[in-house]
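Below you'll find the structure, written out as structure tokens, and then a few comments.
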Amino acid sequence: MPDDPLSINYFEGLFTRLKQNSLLLMDTDGFILDINTAFTGAYGYTRDELVGKNFSILFTEENKMKDLPRRELNITLTQGSSSDNNYLVNNEKKLIWVAGESVLLNDQHGTPYILKIIHNIHIQKESEASIMRLNDLNESILSSIEDIVLVLNEQLNIERANSAFFKLFNNNKNLTETLPRLENLFKSMDEKEDVLNSIRETISQKKGFSKKEVLLIGDDGKERIFHASCNILHNTIPGNHVLLIFHDITHNVQIEKEREDIIGFVAHELRNPLANIILCNEMINRLVHENKQEQVLEFVSRSNNNTMRLNKMISELNDSTKVNSGNFTLEYSTFNVSEMVKEAINTIAILQPAYDIILNDNVHGLEIRADRYRLMQVVTNFLTNSIKYSNGNVNIYISLQSDRESVTVSVKDEGLGIAKEQLPLVFERFFRAEKTRNMEGIGLGLFLCRGIIKAHHGKIWVESEEGKGSTFYFSVPIS
Ligand code: ADP
């Protein structure tokens with residue numbers, strides 16, 4: 001302590017006896033003249049360790065690089081005081097957040113000194129930082145979840161909303177001034193009243209609700225189905241607030257509806273041949289009693305045909321679930337592709353003698369390694385379709401081509417053809433072109449063909465012109 005620098009006795013008492021606030025006295029070049037005991041207690045330095053050193057040793061390297069010690073001195077000297085919030089390096093080289101206030105004083109001889117009062121704000125700064133980190137975390141959680149999250153006040157005005165909300169209901173604008181009103185989001189008046197009343201009840205009775213199904217209209221004009229859930233928001237901003245969450249279930253509802261449609265459709269399609277079989281059996285029963293042998297045979301044959309139809313549909317359904325779940329396995333063997341195609345043609349020709357299936361074989365006994373049974377299923381399906389959708393044109397052309405790597409099979413008909421806009425859909429599950437919906441079939445054959453060819457790492461495609469005919473192709477690697 002310099003020789004009574006301020007010539008005020010009580011200042012010396014103040015300097016030495018302060019327990020909470022650390023004091024540091026230095027000259028105008030920043031050389032430390034004295035520290036009080038509170039300083040030693042707070043930052044570990046003894047008086048001897050600091051007196052005579054420049055106060056810049058208390059700054060971090062980064063702050064020294066920024067020239068903060070000199071700037072602090074300059075401001076104090078020119079403006080009479082300065083304050084800052086910085087890290088102070090204690091004598092164990094640990095960083096402690098401090099708030100410092102420096103004042104310029106003169107002793108009785110007019111010599112200027114600087115008194116720096118240092119306050120430890122480490123805990124406060126750390127908790128501020130952790131609150132900020134928590135806020136950042138909350139924000140990023142909120143913006144990453146797909147559910148719409150809203151904070152409503154007692155008047156049911158939207159006070160806060162996450163990005164999922166802005167995406168759907170505010171054209172991606174994040175402006176709170178233009179936030180839409182909650183009541184304008186609903187499609188039906190009844191649902192709106194029901195939800196708004198339930199939110200009011202949540203506030204008055206402090207008991208929330210969950211999974212109320214509502215239909216909301218987005219900015220794009222599209223309707224979406226949500227599960228709304230609401231709860232009181234505890235320990236936050238003053239006043240009663242509720243958290244309202246909308247979980248989009250549009251997709252699930254659509255899937256559920258599609259599933260029901262499919263079940264209904266499949267049940268209907270299965271019932272048709274089954275009804276025929278029941279009818280045939282009744283007829284057979286009657287005809288046997290009446291001893292009408294010839295007619296019995298006719299109905300047995302009809303019953304057989306329908307049994308085969310039923311069997312085909314059930315196999316297709318079974319295989320299609322395998323294709324969909326990725327459980328479709330192939331049984332590889334080496335076989336003659338021309339022979340396999342001829343076998344398929346013969347099977348169809350026996351059933352459909354009126355049709356002329358013309359083979360153009362350019363591979364002549366080429367051997368390939370593939371699943372013979374499954375590839376024959378594809379050829380048979382192409383041929384059956386070409387006949388089914390032939391519109392009475394009896395010529396069907398089947399061709400075999402090969403390059404070094406793959407073999408390509410095509411089946412061409414001169415029948416109904418497929419409309420251009422429907423072409424991309426023909427290999428989809430349950431697809432049936434509009435014009436053919438009244439005909440027998442469940443739209444699984446080509447879906448299965450695609451699954452089989454995909455499993456062979458091959459290609460499947462179609463060329464078609466409505467009213468003129470179609471050509472279906474597949475190619476698979478030779479080995
Ligand atoms: P299905 O014949 O049992 O309906 P597919 O999956 O084999 O099922 O065919 C799907 C749909 O593609 C058919 O319903 C039909 O509308 C159309 N399609 C398939 N092959 C042809 C073809 N050769 N000519 C015209 N349309 C066809």
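Keep in mind the model is a prediction, meaning the values are calculated, not measured. Just so you know, these numbers use all the heavy atoms, side chains as well, and skip hydrogens, waters and symmetry mates. Sequence positions, counted from 1, serve as the residue numbers for this chain. We count ligands from 1, going down the list as the structure has it; atoms in each ligand are counted the same way.
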When only distance counts, is F447 in polar contact with ligand 1, meaning an N/O pair under 3.5 Å?
no
F186 and F246 aromatic ring geometry - parallel, tilted or perpendicular at 30°/60° bounds
perpendicular
Is any NZ, NE, NH1 or NH2 atom of the basic residue among E298 and R302 found under 4.0 Å from an Asp or Glu carboxylate oxygen of the other?
yes
Using a 3.5 Å cut-off on N or O atoms only, is N385 in polar contact with ligand 1?
yes
Looking at E61 and K64, is there a salt bridge between them, counting it only when a charged N and a carboxylate O are closer than 4.0 Å?
yes
Could you tell me if any non-hydrogen atom of K388 lies under 4.0 Å from any atom of ligand 1?
yes
Can a side-chain donor-acceptor contact be found between T436 and E434 if the only test is distance below 3.5 angstrom?
no
How are the rings of F265 and F430 set relative to one another: parallel (under 30°), tilted (30 to 60°) or perpendicular (over 60°)?
perpendicular
Output yes when K312 and E316 qualify as a salt bridge under the 4.0 Å nitrogen-oxygen rule, no when they do not.
yes
Judged by heavy atoms only, the candidate from D413, I387, L446, I396 nearest atom 23 (N) of ligand 1 is D413
Of the protein's non-hydrogen atoms, which lies at the shortest distance from atom 21 (C) of ligand 1, and what is that distance?
Y389 CD1, 3.4 Å
One finds that the ligand 1 atoms under 4.0 Å from a non-hydrogen atom of N381 are 7 (O)
Close approach, L444 and ligand 1, non-hydrogen under 4.0 angstrom
yes
Among all residues two or more places apart in sequence or in another chain, which pass the side chain to side chain contact (heavy atoms under 4.5 Å, CB included) test with N184?
R181
Pick one of side chain, backbone, both or neither for how S470 approaches ligand 1, counting any non-hydrogen atom pair under 4.0 Å.
side chain
Tell me whether I442 has any N or O atom under 3.5 angstrom from an N or O of ligand 1.
yes
Would you mind telling me if ligand 1 is within reach of the side chain of F382, the backbone, both or neither, using heavy atoms under 4.0 Å?
neither
Closest protein heavy atom to atom 4 (O) of ligand 1, given as residue, atom name and distance to 0.1 Å:
R432 NE, 2.9 Å
Within the side chain of T250, is there an N or O that forms a donor-acceptor pair under 3.5 Å with the backbone of I225?
yes
Which residues pass the ring-ring contact (aromatic ring centres under 6.0 Å, His included) test with F427, not counting sequence neighbours?
none
For the pair D136 and R133, find out whether any cationic side-chain nitrogen is under 4.0 Å from an anionic carboxylate oxygen.
no
What do you reckon, does I418 have a nitrogen or oxygen under 3.5 Å from a nitrogen or oxygen of ligand 1?
no
Lys NZ or Arg CZ of K167 over F169 ring: under 6.0 Å, within 45°:
no
Just distances here: any N/O of A433 and N/O of ligand 1 closer than 3.5 Å?
yes
Just to check, does G415 reach to within less than 4.0 Å of ligand 1 when the distance is taken from its heavy atoms?
no
Looking only at protein heavy atoms, identify the closest one to atom 8 (O) of ligand 1 and say how far it is in Å.
G443 CA, 3.1 Å
Shortest protein contact, atom 10 (C) of ligand 1 (heavy atom only):
F431 O, 3.2 Å
If the cut-off is 4.0 Å to any non-hydrogen atom of T436, which atoms of ligand 1 fall inside it?
14 (O), 15 (C), 16 (O)
